Chemist: 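Before anything else, here's the structure in question.
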Amino acid sequence: MAECPPSLNPQQQAAVKNMDNPLLVLAGAGSGKTRVITEKIAYLIGQGLPAWHIAAVTFTNKAAREMKVRAGALLDDKKIRGLRVSTFHALGLDILRREHAALGFKSAISIFDEQDRTALLRELIKQNPDAVDSDPVEAHSWQISRWKNAFVTAQQACRLDDPELAEAARLYGDYTRQMKAYNAVDFDDLILLPVLLFQEQPELLEKWCNRIRYLLVDEYQDTNLTQYQLIKLLAGSIGRLTVVGDDDQSIYAWRGAHPENLVQLQKDYPRLQVIKLEQNYRSSGRILKAANQLIANNPHLFEKRLWSNHGPGEPLRVLSHGDEITEARQIASEIVHHRFKTGSRYRDYAILYRGNHQSRLFERTLREYDIPYNLSGGTSFFAYAEVKDILAYLRLLTNPDDDSAFLRIINTPRREIGTGTLEKLGQYANRRHIGLFPACFELGLEQQLPERAVQRLRRFCEWLVDTADRAERGDTFAVIREFIDRLGYEQWLKESSKTERAAQRKIANVHELIGWMQRLTDQEEKHPPLSDLVAKVMLFDILERNQEENVSDRVNLMTLHAAKGLEFPYVFLIGMEENLLPHQTSIEENNIEEERRLAYVGITRAQKQVTFSYCTRRKRYGEMTDCTPSRFLDELPAEELEWSGKQSIDPEEKKERGMASLAQLRDLLTEQ
DNA sequence: TTATCCAAGATTTTT
DNA sequence: TCTTGGATAA
């Protein structure tokens, strides 16, 4: 973490102590915003507001965890009991779980991820063959999500009368009805449904407002319109509320984030106080100067200028390379040399890039150079097919209406239940307006399907019912383990995997998932029902947790998005080229500002030094293409930049600095 | 029902 | 160039 001042600076103090007015804290990068939130929680409790009346909301599990830990360090356990620190989605889930009846849901709610949503939409499109539609399913799925994030209901979407979106609007309605039938919600619903509920039933809102008497919101610039509605409802008309944000770090507009919420706050709460935190405790002067100058090219909701007490520090460097292979090699070799020269650790370095695909070459190169690295982002644990399968089984055990889960696992592992059978089952269930699982037990099904098929379905379903029963009553996890065992799932993984190693990895993932859920259960005094657990698990990412535990000494590889909120002594910003950063599609859509903020986020991650690098030629989609250095490089203070690369560097130095052979490097390492 | 091939497309992704 | 998913053949 950045060094914090021994005591809070005047602005931070003002932010902590202001509790009578709604408060907006404009916290620049590295200005100690997490500290302000945690200190404020401690202050509120010190002023006599019990912890269980305070809620702090973040966007990531990681941020929530960090906040909990840091609040815990300020206060003793007793005082902090009941404090709610969670993600938006976890808060929404909690509301839904407690108020499900008011929304017409049964208690065991399934949570659908994007894949589930897309699969369901695909089904819905198939069911309506007269609609000639060329748009891919993903486009509709995305549009529906956009609507949900922008607080547009299905009815409102239908009334938009936009022929381009008519099909999506129709699907939105069908989808919403179908989800209700499945007793399922998606991630966006976790925010949207509580808002709709509170609007319709003020007495429930009052209950929750009574419970949450002070609300703190982290990364406020990332809230979407629906989340803002939820904040406004919970904070009430008085606005017992502190939000902390930075419009310069808004990099999620493409996902529905609405940084204008910063201004809206001023309109909705005339008594709003605004406090700016501009002192930076992270970076050296030159880095801040560069960051300030770059971001000055964007229009601003609020003016803000970062400064720091640190010295000017080292100049910013720009490296030029002939191609991406040279780029990767030179950076790898620089890290080796620099680390050796300064006695730094691997984990002091971060290599940041715009797109995930850029990591691949760097991974390979770092391996060649024997540099340990950590890759964050990429595929999440829950994207693994084996994890999704097991979760689908668990979902079906707790929620028999979850057709998505049913379809996913009915023939995984193979049970000789093919599409023909499922098609007929689906038609029957549709006619009877029931789920696929309940349909299997109906007598009428026997007229539709051959007896063998019915038998197979029933045998499987009866087994599930029996398992669910025993899991409810007995030792839940013993039952689940036995269930997975009897499924023959591991055997199936072995058979279907290409290599033995892949199979072992998948099996390990399954164990990890179950073990993790069990630990989660054991933490709670009263064992929560399985359905709660399954829902909760959907909101977490186990990989994230692993990386926390893994405090090993590794170079960090991540996207600029993933880097937000983190800091490193030495930062490499690679691929500083037009069409890469700013990204091509953003140029086409004329959305340079968000790209500029991405660059800004990248620069402000650095404590001591930033190194930019670009290539003059690069392989793209398998073809060598010419590249132009990013326009953002021109927007930086030229006098603080030190260019090196083929134009400016003399051949001797180049040889010495960049092109050391692998053998030389190995020698260097062994000497050490 | 499953295996294999081919064509299209290729940002970012907190939950 | 690599991945993904849909179509097609066995």
Side-chain angles (χ1 to χ4, degrees), chain A residues 57-65 86-93 111-115 117-119 122 136-138 141-142 145 148-149 185-192 218-219 221-224 226-227 249-257 324 352-361 376-383 385 411-422 495-496 498 535-541 543-544 558-566 575 579-589 591 594-595 597-599 601-602 618-625:
Chain A
V57 206
T58 65
F59 277 87
T60 64
N61 292 305
K62 197 169 157 192
R65 209 179 310 120
S86 71
T87 62
F88 266 102
H89 292 85
L91 174 64
L93 174 64
I111 297 179
F112 275 31
D113 65 12
E114 260 105 303
Q115 262 185 51
R117 164 157 63 201
T118 311
R122 200 169 277 136
V137 208
E138 289 78 15
S141 173
W142 194 70
S145 178
K148 289 186 176 194
N149 288 324
V185 300
D186 61 26
F187 285 135
D188 303 323
D189 287 330
L190 290 173
I191 315 293
L192 180 63
D218 188 25
E219 304 279 15
Q221 77 283 349
D222 288 341
T223 52
N224 60 41
T226 311
Q227 282 159 339
Q249 293 186 68
S250 161
I251 53 175
Y252 283 102
W254 54 273
R255 225 178 168 268
E324 73 281 1
L352 308 181
Y353 37 82
R354 175 68 234 261
N356 273 314
H357 63 276
Q358 291 173 272
S359 75
R360 220 173 277 145
L361 177 62
S376 21
T379 25
S380 102
F381 187 73
F382 289 97
N411 206 26
T412 309
R414 301 273 106 84
R415 266 183 276 275
E416 297 175 295
I417 299 169
T419 42
T421 306
L422 289 176
E495 284 160 16
S496 61
K498 284 221 171 70
K536 237 185 212 163
V537 160
M538 292 291 288
L539 301 186
F540 278 85
D541 198 315
L543 273 192
E544 212 179 295
M558 63 183 84
T559 62
L560 287 161
H561 284 90
K564 193 171 76 160
L566 305 176
N579 296 327
L580 222 47
L581 181 71
H583 193 273
Q584 189 168 359
T585 31
S586 296
I587 297 174
E588 280 157 17
E589 288 163 14
N591 182 19
E594 185 146 311
E595 299 289 309
R597 288 192 291 268
L598 266 175
V601 165
R618 169 186 300 276
K619 215 176 205 171
R620 277 195 108 192
Y621 307 142
E623 242 177 288
M624 286 306 279
T625 47

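Here is the naming used below: chain letters follow the sequence lines, and residue numbers restart at 1 for every chain. Since the model is a prediction, treat every value here as computed from it, not as a measurement.
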Chemist: Output all residues satisfying side chain to side chain contact (heavy atoms under 4.5 Å, CB included) with A:Leu566, sequence neighbours left out; order by chain, then residue number.
Modeler: A:Lys62, A:Met558, A:Phe568
Chemist: Donor-acceptor pair, distance only, cut-off 3.5 Å: does the side chain of A:His561 make one with the backbone of A:Ile251?
Modeler: yes
Chemist: If you measure from the P atom in C:dG5 to the same atom in B:dT12, how many Å do you get, rounded?
Modeler: 15 Å
Chemist: From CE of A:Met558 over to P of B:dT13, roughly how many Å is that when rounded to an integer?
Modeler: 11 Å
Chemist: Between B:dT15 atom C1' and A:Lys536 atom NZ, what is the distance in whole Å?
Modeler: 16 Å
Chemist: Could you say whether the aromatic ring of A:Trp254 and the base of B:dT12 stack, counting only centre distances under 5.5 Å and plane angles under 30°?
Modeler: yes
Chemist: For A:Glu588, is the CD atom crowded, meaning more than 12 foreign heavy atoms sit under 6.0 Å from it?
Modeler: yes
Chemist: On the nucleotide B:dT13, are OP1 or OP2 found under 4.0 Å from the side-chain N or O atoms that A:Thr559 carries?
Modeler: yes
Chemist: Of the nucleotides B:dT15, B:dT11, B:dT13, which has the atom closest to the A:Asn61 side chain?
Modeler: B:dT15
Chemist: Name the nucleic acid region contacted by A:Gln358, choosing base, sugar-phosphate or nothing; use a 4.0 angstrom heavy-atom cut-off, strictly under.
Modeler: nothing
Chemist: Would you indicate, yes or no, if B:dT12 has its OP1 or OP2 atom less than 4.0 angstrom from a side-chain nitrogen or oxygen of A:Asn356?
Modeler: yes
Chemist: Give A:Gln584 one of three labels, base, sugar-phosphate or nothing, depending on what nucleic acid heavy atoms sit under 4.0 Å from its own.
Modeler: nothing
Chemist: Heavy atoms only, 4.0 Å cut-off, all strands: where does A:Phe88 land among base, sugar-phosphate and nothing?
Modeler: nothing
Chemist: Using heavy atoms to find the nearest nucleotide of DNA chain B for A:Tyr621 and A:Thr421 separately, return the residue whose nucleotide is more 5′.
Modeler: A:Thr421
Chemist: Using a cut-off of under 3.5 Å, enumerate the N/O to N/O pairs linking the protein to nucleotides 6-10 of chain C.
Modeler:
residue : atom : partner  : partner atom : Å
C:dG6   : OP1  : A:Arg122 : NH2          : 3.2

Chemist: Please list, chain by chain and in numerical order, all residues satisfying salt bridge (charged side-chain N to carboxylate O under 4.0 Å, His left out) with A:Asp188, sequence neighbours excluded.
Modeler: A:Arg117
Chemist: Who are the salt bridge (charged side-chain N to carboxylate O under 4.0 Å, His left out) partners of A:Arg122, not counting sequence neighbours?
Modeler: A:Glu138
Chemist: Could you state the atom-to-atom distance from CZ of A:Arg620 to C1' of B:dG9 in whole Å?
Modeler: 13 Å
Chemist: In chain order, what residues pass the side chain to side chain donor-acceptor pair (under 3.5 Å) check against A:His583, with sequence neighbours excluded?
Modeler: A:Thr585
Chemist: Per the atom types in the model, does the base of B:dT11 pair as donor or acceptor with the side chain of A:Arg255 at under 3.5 Å?
Modeler: no
Chemist: Measure the shortest side-chain to side-chain distance between A:Leu352 and A:Thr559 over non-hydrogen atoms and say whether it is less than 4.5 angstrom.
Modeler: no
Chemist: Given atom CG of A:Asp113 and atom P of B:dT14, what is their separation to the nearest angstrom?
Modeler: 13 Å
Chemist: Could you state the CG-P distance from A:Asn149 to B:dT13, rounded to the nearest angstrom?
Modeler: 17 Å
Chemist: Give the nucleotide from the list B:dT11, B:dT15, C:dC2 with an atom nearest to the side chain of A:Leu539.
Modeler: B:dT15
Chemist: For the pair made of CD1 in A:Ile191 and C1' in B:dT15, what is the distance, rounded to whole Å?
Modeler: 8 Å
Chemist: Please name all residues satisfying salt bridge (charged side-chain N to carboxylate O under 4.0 Å, His left out) with A:Glu324, sequence neighbours left out, ordered by chain then number.
Modeler: none
Chemist: Tell me: CD of A:Glu219 to P of B:dT15, nearest whole Å?
Modeler: 12 Å
Chemist: Starting at CZ of A:Phe59 and ending at P of B:dT15, how long is that distance when rounded to a whole Å?
Modeler: 11 Å
Chemist: Using the C1' atoms only, state how far C:dG6 lies from B:dT11, rounded to an integer number of Å.
Modeler: 24 Å
Chemist: Just call it for A:Ser586: base, sugar-phosphate, or nothing, with non-hydrogen atoms closer than 4.0 Å on any strand.
Modeler: base
Chemist: Is A:His89 stacked on the base of B:dT15, with ring centres under 5.5 Å apart and planes under 30° apart?
Modeler: no
